[in-house]
Amino acid sequence: MKSFYKITLLIAVVALMSACHSTEANYKESYDKAVAASRTGEKGEKYWQDIKVRSQNNYVVDGDSIRLVRNFFNIVDDDNSKIKPYNVVVAEFQQKFNAQSYRDRLRREEGLDAYVVYVSRTHNYCVVAQGYDDMSVAATFSRNPQKYMRLKPMVPKVYVLVR
């Protein structure tokens, strides 16, 4: 009789351990629901308004418009002499490590002279794919980044950052 109870208890424990576990699919489904919920209602409206503002062109160069942003910024982990007057930003991150990883991929895979700058007003680390002395060359890059790099830009619209 004692062995019957032990076997029954063992079967019950095995059944409980195998039945109650999370899977990657469960985590993904939960994450997708949370993201969808955060982009609805008032929060969602602010999110889409921000995306719309960050996607608008606001400056005309050579008869075509581009997005130009003027901000104070500091270079991260590089020499200040790398900074040019016109910097093409292809990614923005809130964590320094992510920005540095994207910069390293641009350098390694695309051969670009990329660097990271920190914009204190927005608290973002911006990845500059290339800096230029001439505004029209920077504008050409920002209008068609796919021509110069294969990596996907991590901003709603590639823009030119001016100090």
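Fair warning: this is a prediction, and the values are worked out from it, not measured in the lab.
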For this output row, return yes or no: ring centroids of Y125 and Y118 closer than 6.0 angstrom. yes
Assert yes or no for the condition that the ring centre distance of Y86 to Y132 is strictly below 6.0 Å. no
Does any non-hydrogen side-chain atom of [Y] lie less than 4.5 Å from one of [X]?
{"X": "P85", "Y": "D133", "result": "yes"}
{"X": "N74", "Y": "V117", "result": "no"}
{"X": "M135", "Y": "L68", "result": "yes"}
{"X": "L106", "Y": "M149", "result": "yes"}
{"X": "Y115", "Y": "D77", "result": "no"}
{"X": "I83", "Y": "F73", "result": "yes"}

Does [X] use its side chain to pair, donor to acceptor, with the backbone of [Y] at less than 3.5 Å?
{"X": "R105", "Y": "Q100", "result": "no"}
{"X": "N87", "Y": "L161", "result": "yes"}
{"X": "E110", "Y": "L151", "result": "yes"}

Output the distance between atom CD1 (I75) and atom OG (S81), rounded to the nearest 0.5 Å. 8.0 Å
Point-to-point distance, once rounded to the nearest 0.5 Å, from CG of N71 to CZ of R121: 4.5 Å
Modelled atom types, side-chain donor and acceptor of Y159 and E92, under 3.5 Å: yes
On the ring face of F72, is R163 found with NZ or CZ under 6.0 Å from the centre and within 45° of the axis? no
[X] to [Y] - nearest heavy-atom pair and separation:
{"X": "S142", "Y": "I66", "value": "OG-CG2, 3.7 Å"}
{"X": "A114", "Y": "D78", "value": "O-OD2, 4.4 Å"}
{"X": "F93", "Y": "A99", "value": "CD1-CA, 3.5 Å"}
{"X": "L112", "Y": "A129", "value": "CB-O, 3.5 Å"}

Please step through side chain to side chain contact (heavy atoms under 4.5 Å, CB included) for the pair N144 and Q146, ending with a clear verdict. CA-CA 6 Å; N144 193 8; Q146 297 82 14; 3.1 Å; yes
Take V160 and F141, measure what side chain to side chain contact (heavy atoms under 4.5 Å, CB included) needs, and give me the verdict at the end. CA-CA 9 Å; V160 177; F141 188 113; over 6 Å; no
Given N98, which partner from the list K96, Q94, Q95 fulfils the side-chain hydrogen bond (donor to acceptor under 3.5 Å, both in side chains) test? Q95
Looking at R107 and D113, is any side-chain nitrogen of the basic one under 4.0 Å from a carboxylate oxygen of the acidic one? no
